[in-house]
Protein chains: 2
Amino acid sequence: MALSLRIILNEKLYLKNPEESLLGRKIVAEGLRLINTLGFEDFTFKKLAKEIETTEATIYRYFENKHRLLVYLVNWYWTYLEYKVTIQLNNIVEPKEKIKKVISALVIPASNLFSDVFIEEKAVFDLVMYEGSKSYLTRNVKDNNKDNLFKPYKDLCARISLVISELNPKYKYPHSLACTLLEMSHTQKFFKINLPSLTDFSKDKSDASLIDFLEKLVFDTLKK
Amino acid sequence: MALSLRIILNEKLYLKNPEESLLGRKIVAEGLRLINTLGFEDFTFKKLAKEIETTEATIYRYFENKHRLLVYLVNWYWTYLEYKVTIQLNNIVEPKEKIKKVISALVIPASNLFSDVFIEEKAVFDLVMYEGSKSYLTRNVKDNNKDNLFKPYKDLCARISLVISELNPKYKYPHSLACTLLEMSHTQKFFKINLPSLTDFSKDKSDASLIDFLEKLVFDTLKK
DNA sequence: CATTTTTAATAGTAATACTATTATTTAAAA
DNA sequence: TTTTAAATAATAGTATTACTATTAAAAATG
């Protein structure tokens, strides 16, 4: 069975919905690829236009600027992740087991769960790891927040915090802990790859020790 | 008694040591101020030059580009923080007490501890909170790391991890935990100010609950 | 005092981040 | 089927950014 998924994002993210045209989908898919190869700072609409054989001005008709495209992609990931977590938690009753599922969903980018998605999970995972925090580390966070641009992240955080509260209803910081999990699953992975002395993980590909670290952190602080 | 402090930073950070001239110190001090008001993306050397009444080209003689200036300032902060932690840990024997001191040093930017420093702690703290991760979230992290550009951060992380290991020598992830403390002390504070639903802290100025959250996290996971 | 050496300003350039306007295609109404 | 309008994309710009090469002025040294 192939699962179908349609991710609907905040209309304020774009000027024209990129999902509704072939060109729009190309902008998003190739934009993701190009940001990942060049890094967000060196990425420009001009370079993207060349890549997909259109013009800069045309891309501006879809996205106000490259930051909006970044937020679009990052939001896509958080929305996707919340779907994924929801599916993974299906039929699981043990809160402890639920948290384990959440952590592995955060750390391991599964090969595409949904068949009809034109954005690759592995690629957006990398994007979020390298560029994700740049979506909110700006002087207009508050304005962007008023436009609900961070809703997918906040929703995911809230959902994880519910699982946390299930395990220990008296715990005072479920959101902060959920958020720590979200941030650290990316930060520590980034450090493992690029600045390994900031972690205690071996060089191999496996994420076992990162998962162990996060699980221990959560279970210990939630112990009654 | 006024404590004196001389922070010596990696020579690869600058083309000409800004500490050695009045103009250089102005570039650093005003640069910090201007990045904080404009945000790193909108900050330019031209704007800074206007502010301190010099030319863009002159600033380029001190720093290769604005990213190097950012790394310079961020490194200044980590080095300063390591000094601060060292002083705060003086004469303290209880590992648990040491960790408490570390956490409060991370979270609370003290009004300048050292009298002769031309950079304000509160301002660099804000800089690191808003722009800090942009110093390493680039495509040349690895090259920058080879040039030792992240040494102050790694040193601080290593030092905190030693305190962690003192409390529980068997704990397997002292660096990752130290790093989590460092990152979360800034991230959660940023969220408290800008995206409060990602935290569980009240709106007041006090950092008591953030400190409580972090202390609990560390002590619980280090419990034998 | 002459002369290096250091320091800073002038005057550029290629690229970036946009925008206004025009042209072309597609779709709907007459 | 034609006309008209609406949507879409390309052309051609501009102001700003991120630099650099060259020259001029000031300071340090012999």
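Letters go in sequence order (proteins before strands), and every chain restarts at 1. These values consider heavy atoms only, across backbone and side chains, with no hydrogens, waters or symmetry-generated copies.
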* Is any side-chain N or O of A:Lys47 closer than 4.0 Å to OP1 or OP2 of C:dT16? -> yes
* To the nearest angstrom, how far is A:Leu48 atom CG from D:dA10 atom P? -> 13 Å
* To do: Evaluate ring-ring contact (aromatic ring centres under 6.0 Å, His included) for B:Tyr136 paired with A:Phe191, printing each intermediate quantity in order.
  => CA-CA 10 Å; B:Tyr136 58 77; A:Phe191 287 153; 5.2 Å; yes
* Structure fact -> Rounded to whole Å, CZ of B:Phe63 lies from P of D:dA18 at a distance of 16 Å
* Asked: Does B:Tyr60 place a side-chain N or O at less than 4.0 Å from the phosphate oxygens OP1/OP2 of D:dA21?
  -> no
* NZ/NE/NH1/NH2 to OD/OE distance under 4.0 Å, A:Glu131 and A:Lys66 -> no
* Asked: Would you call B:Lys47 and B:Glu30 a salt bridge, taking side-chain N to carboxylate O under 4.0 Å as the test?
  -> no
* Nucleotide nearest A:Ala57 when distance is taken to its side chain, options C:dA8, D:dA18, D:dT11 -> D:dT11
* To do: Ignoring backbone atoms, test whether B:Thr58 places a side-chain nitrogen or oxygen under 4.0 Å from the OP1 or OP2 oxygen of C:dA9.
  => yes
* Structure fact -> Atom CD of A:Glu41 and atom C1' of C:dA17 are separated, to the nearest Å, by 15 Å
* Report which part of the nucleic acid A:Thr54 touches: base, sugar-phosphate, or nothing (heavy-atom distance under 4.0 Å, all strands). => sugar-phosphate
* Measure the distance from CZ on B:Phe43 to P on D:dT16 and round it to the nearest whole Å. => 18 Å
* **Residue-phosphate contact under 4.0 Å: B:Lys66 side-chain N/O, D:dA18 OP1/OP2** => yes
* Could A:Lys122 and A:Asp126 be called an ion pair, given the rule that one side-chain N must be under 4.0 Å from one carboxylate O? -> yes
* Could you state the NZ-C1' distance from B:Lys46 to C:dA11, rounded to the nearest angstrom? -> 11 Å
* **Candidates D:dA18, C:dT16, C:dA8 - which lies nearest the side chain of B:Thr44** => D:dA18
* Asked: What is the distance, rounded to the nearest whole Å, between atom CD of B:Glu20 and atom P of C:dT6?
  -> 12 Å
* To do: Can you figure out which of C:dC18, D:dA18, C:dA8 approaches the side chain of B:Glu56 most closely?
  => D:dA18
* Structure fact -> Checking C:dA8, D:dT17, D:dT8 against the side chain of B:Tyr62 (C-beta onward), the nearest is C:dA8
* To do: Would you indicate, yes or no, if D:dT8 has its OP1 or OP2 atom less than 4.0 angstrom from a side-chain nitrogen or oxygen of A:Lys16?
  => yes
* Decide, yes or no, whether a salt bridge links B:Glu19 with B:Arg25 under the criterion of side-chain N to carboxylate O below 4.0 Å. => no
* To do: Would you tell me if any nitrogen or oxygen in the side chain of A:Thr55 comes within less than 4.0 Å of OP1 or OP2 on D:dT11?
  => no
* Structure fact -> A:Arg61 atom CZ is separated from C:dT24 atom C1', nearest whole Å, by 12 Å
* Asked: Rounded to the nearest Å, what distance is computed from the CG atom of residue A:Leu69 to the C1' atom of nucleotide C:dA17?
  -> 14 Å
